Structures are given as C-alpha cells and as structure tokens.
Protein chains: 2
Amino acid sequence: MPNRRSSAAESQGEDLAARLLAEAEALVRRDGPDGIALRELARACGSSTMAIYTLYGGKPGLMQALYALGFARLHAYALSAEHRDAPLRWLVRQMLAYRRFALDHTGLYSLMFGGEKRFAPAGRNSRFASLAVPVEDAYPAFAALVDAVGACLAHHRERAPSASEVQDLAFLVWGQMHGHVGLEIAGYADPDDALGRYRNAVRFICAHCGADPTDVNAELAAAG
Amino acid sequence: MPNRRSSAAESQGEDLAARLLAEAEALVRRDGPDGIALRELARACGSSTMAIYTLYGGKPGLMQALYALGFARLHAYALSAEHRDAPLRWLVRQMLAYRRFALDHTGLYSLMFGGEKRFAPAGRNSRFASLAVPVEDAYPAFAALVDAVGACLAHHRERAPSASEVQDLAFLVWGQMHGHVGLEIAGYADPDDALGRYRNAVRFICAHCGADPTDVNAELAAAG
DNA sequence: CCAGTGCTATAACACTGTTATTGAGTCGAT
DNA sequence: ATCGACTCAATAACAGTGTTATAGCACTGG
C-alpha cells in the first residue's frame with residue numbers, strides 16, 4: 001500500500017527514481033561505493049528492490065547514474081569558482097574547489113576516480129582529443145578546468161597558447177589535484193597539513209603558468 | 001585428504017598461508033580487490049575457508065596482508081631504480097618505476113590507494129613526520145622516494161636542502177605520480193598518450209629540482 | 001597409551017544481487 | 001461503462017557472499 005502513484009512523496013515533486021538516487025547518494029556518502037545494499041535502499045524509500053531494476057536496470061545502472069550525478073556535482077563546484085575576468089583567481093579557486101568537492105563527497109569521489117575503470121569509455125570528443133573521459137557526463141566539469149587553465153596561461157604569456165599546450169597543462173593540473181586529493185582521502189596525508197600541501201601544489205602549478213608568486217599567495221589568502 | 005602437513009605443496013617450500021596469499025594476489029590481479037571470493041580462494045588452494053580465518057583472522061586480515069605485500073612489491077620496483085651515483089637518473093627511473101609498478105599490479109594498486117582509507121594508520125615516524133602512511137609496511141617504499149628526491153635536490157642546488165624542503169617536494173612528486181597513474185588506471189587517460197603525459201610530469205618535477213631539461217630528456221630516452 | 005592442543009572440514013546463518021512469477025493499477029478503445 | 005492490454009512493483013526463490021558454531025582429525029607431551 002505504500003508508494004501509490006499519487007503519494008505524499010510524489011506531491012513533493014520527487015518521483016521514485018529521484019528518491020532512489022538521492023537516497024543512494026546518502027548511502028554512498030555514509031558507507032562508500034561498496035556500502036550500497038539494494039534492500040536497504042529500497043526499504044529507505046518504502047519500495048522493493050524491483051523498482052531499482054525497472055527504473056535503473058539493476059545495481060550497475062544505479063551506480064552509473066550516481067557516477068553521472070557526481071560529475072554534475074563537480075561541475076557545480078567548478079562553476080562556483082569561475083572568474084573569467086581574473087584568470088589567476090579563476091585557476092586558484094578552481095583547484096581549491098576540486099579539493100573541496102572531493103572532501104565534501106568522498107564517497108562519490110571514490111566511485112568516480114577510485115580503483116579500476118568501472119564504466120565504458122564514451123566516444124572521443126574533439127575538444128578533449130587527448131583527455132579521455134569515460135562518459136559524456138564528465139565533459140562539462142573538465143571543460144571548466146581546461147577553460148580556466150587556458151585563460152590563466154593566455155593571461156601570463158605574451159602569445160596565445162596552443163590548444164595542445166593548454167591540454168598538456170590541464171592534464172598536469174588534473175593529475176596534481178587528483179594525486180593530492182586521492183592520497184588525502186586514502187589516508188596518506190597528514191590531516192593537519194593536507195591543506196598546506198595542497199596550497200604548495202597550487203603554487204607549483206601557477207608558477208608554471210608564469211604567475212607572480214606574490215599574486216598567487218594573495219589569491220590563496222583571499223580564498224581562505 | 002588434501003593438504004596434509006607433508007603434502008607436495010609443502011615440499012615446494014610453500015605452506016598454506018603463503019599459498020593462500022599468492023593465490024589471493026593472483027585473484028586480485030585478475031578481478032580487482034573486490035573480486036576475491038573466499039570460497040574460490042580456498043578451493044584453488046585445496047582447502048576450506050576456515051583456513052583463512054585461522055591463518056589471517058578473516059577477509060580483512062587477508063586484505064591487510066595483501067596490502068603489505070603490495071608495498072613490498074613497490075619497494076622492489078623502487079630498489080631496481082636506485083642509482084646513488086647519478087641522482088637525476090635515480091629520480092627519473094624512480095618515477096618511471098612507480099608507474100610501471102602500478103600498471104603491472106593494477107589490482108594491488110587499487111587496493112593500496114584506491115577509494116577511501118581502509119586500514120588504521122600506524123604511529124607517526126619521525127622520518128616521515130608529515131608524510132603520514134597508514135601502515136609500517138609502507139615505510140621502505142616511501143623512504144626510497146624521499147631519498148631519491150633528496151639526492152636529486154642536493155645535487156642540483158648549491159646548498160644542502162632542508163629536511164622539510166625535501167619532504168615538501170617528495171609529497172609533490174608522489175602526488176604527481178599517483179595522480180597521473182590513478183587517472184590512467186581509472187580510464188581517464190588516452191592510452192596512446194599516457195606515457196608521453198607521464199614523461200611531461202617527470203620533466204615538470206625535474207625542472208623544479210633545477211635539472212637541465214636536456215639531461216632529463218636524455219635520461220628519459222635512456223630509460224626507454 | 002592417553003589427555004590435550006591446534007587446526008580444518010562441514011554445515012548453518014544472515015546477508016548480498018538477481019530474476020520468475022504474480023497481482024494490482026492505469027490507460028485506451030469500443 | 002466495460003473490457004482488454006499494458007506498465008510496474010511486490011513477493012518469493014536462487015545462487016552467491018562473509019562469517020561462525022560444531023565436530024572431527026592429526027599431531028605432541030607426558
């Protein structure tokens with residue numbers, strides 16, 4: 001008798017599929033990607049496990065939906081860091097936002113980047129010719145990174161950087177961010193000094209862009 | 001009747017505990033950290049699952065043993081890259097060896113660094129005051145990295161680098177290596193260009209040490 | 001030879017993802 | 001308004017998981 005087509009939950013504008021996904025995100029936040037039990041998820045939503053199969057095709061389908069949701073969340077963090085009129089601020093805040101996202105959503109982050117490849121790669125996109133990304137859902141978040149790196153590089157160099165130059169540096173930046181954050185989440189960073197170390201990485205990258213270290217420190221201080 | 005105290009397997013010098021661990025490594029290589037089924041593991045070793053409980057205390061204990069084994073393997077790769085008489089060569093090969101290890105043992109690598117913290121942190125070690133490492137088994141592998149970075153830094157600077165300077169750079173190097181390799185394993189790097197991108201990261205780090213780019217390229221070419 | 005100890009096979013328990021079956025509910029057409 | 005067709009979820013079962021209590025074997029010390 002619960003969960004009729006016109007139940008109170010639906011009147012809130014959340015249909016069953018959305019509620020399942022939201023609850024799954026809560027579970028992945030609490031217990032990590034491997035902590036999702038379909039029975040518990042269904043019980044929390046007042047339905048049975050069959051709903052997950054008809055709506056998402058099974059657990060892998062649900063995980064892939066969570067995967068896409070993770071990139072949507074990451075994209076939102078990236079947008080909040082956008083400063084097209086101040087390229088250095090843009091890049092600095094973009095890098096800090098990446099870490100903030102990872103620490104705010106460790107479960108999703110582990111699902112997206114932890115361990116071995118889980119999802120089939122998407123078709124190549126000309127804009128990311130050498131920045132392979134598993135699924136299309138990831139494009140917007142990485143476009144934001146490439147744009148920030150490109151803007152910062154263009155601002156601190158006399159001539160406009162080439163596309164491959166920007167992509168090379170963007171991958172380096174991404175690697176630096178993911179490396180630090182991944183180590184931190186896995187427990188390899190001193191909790192008292194992790195932010196300081198991450199700031200070192202930001203300075204490292206910005207210096208390579210040609211930015212003045214004093215300006216970088218000012219941006220870091222302003223960003224908190 | 002199988003696996004008596006004096007079976008053929010024991011005459012090979014492998015007792016049951018070692019055979020279980022070796023088979024577990026094979027399974028983790030084939031199916032990843034989550035692909036280990038105790039019944040399958042026991043069957044492959046001709047025993048029952050109880051042996052895993054008496055010898056390792058359960059699956060978490062077995063995984064921790066695999067975790068330690070992974071760091072022993074990584075340490076072996078690090079040792080093979082040691083060139084105390086040629087600091088730049090040492091650092092370059094150390095970085096390449098790190099990626100080689102990760103790609104040769106993706107399953108172990110995911111267990112060691114993928115996802116969230118799995119094992120309790122070990123007590124602080126003065127040598128790695130700010131390089132927190134979850135378990136003691138990890139120390140030798142990271143000592144090799146710190147030594148290589150320290151040697152390279154000392155060789156290209158007029159005055160000897162401070163301990164904290166070396167640790168700062170070592171963590172940056174580690175982050176860069178782990179970031180690239182983690183992205184590559186997770187499927188975010190173009191397979192055709194991953195090595196080239198990693199070489200970029202090596203050049204990036206070596207330049208920060210003060211090494212001559214020409215020398216770095218020569219070392220990269222020599223290392224293959 | 002016998003008691004005691006250490007280890008392992010068997011069987012059961014609670015849990016997991018998955019699926020065949022069943023039934024309730026909705027929509028459209030006559 | 002009534003009937004048929006369809007969609008979807010609830011139930012129950014199946015095979016698999018990690019874990020544990022029980023029981024039995026082999027060895028060791030006296």
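Everything numeric here is computed off the predicted structure, so don't read it as measured data. Residue numbers start from 1 in every chain, and the chains themselves are labelled A, B, ... in the order their sequence lines are given, proteins ahead of strands.
Here A:H105 pairs with A:Y77, A:F101 under the ring pair (Phe, Tyr, Trp, His ring centres under 6.0 Å) rule; sequence neighbours left out.
Rounded to a whole Å, the CG atom of A:L20 is 14 Å from the P atom of D:dC8. Across the protein-nucleic acid pair, A:L27 atom CG and C:dT16 atom P stand 11 Å apart, rounded to whole Å. In this structure, CD1 of A:I52 is placed 11 Å from P of D:dA9, rounded to the nearest angstrom. Between A:L55 atom CG and D:dT7 atom P there is a gap of 14 Å when expressed in whole angstrom units. We find that CG of A:D34 is positioned 11 Å from P of C:dG17, with the value rounded to whole Å. Summarising the geometry, the separation between OH on A:Y56 and C1' on D:dA9 is reported as 15 Å, rounded to the nearest angstrom.
In this structure, the separation between NE2 on A:H178 and OH on A:Y109 is 5.0 Å, given to the nearest 0.5 Å.
Ring-plane geometry between B:W174 and B:F113 is classed as perpendicular, the angle between the planes exceeding 60 degrees on a 0 to 90 degree scale with a lower cut at 30.
At the phosphate of D:dC8, neither OP1 nor OP2 sits under 4.0 Å from any side-chain N or O atom of A:T54.
Sorted by first and then second residue, the salt bridge (Lys or Arg N to Asp or Glu O under 4.0 Å) pairs with a member in residues 44-69 of chain B form an empty list; sequence neighbours excluded.
Proximity of B:V173 to B:Q94: side-chain heavy atoms (C-beta onward) are nowhere separated by under 4.5 Å.
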Please encode protein proximity along nucleotides 11-24 of chain D as a string of B, S and -, counting only heavy-atom distances under 4.0 Å. B-B---BBBBB---
I would like to know whether B:E25 and B:R19 meet salt bridge (Lys or Arg N to Asp or Glu O under 4.0 Å); could you show each step before the answer? CA-CA 10 Å; B:E25 187 186 10; B:R19 277 190 302 145; over 6 Å; no
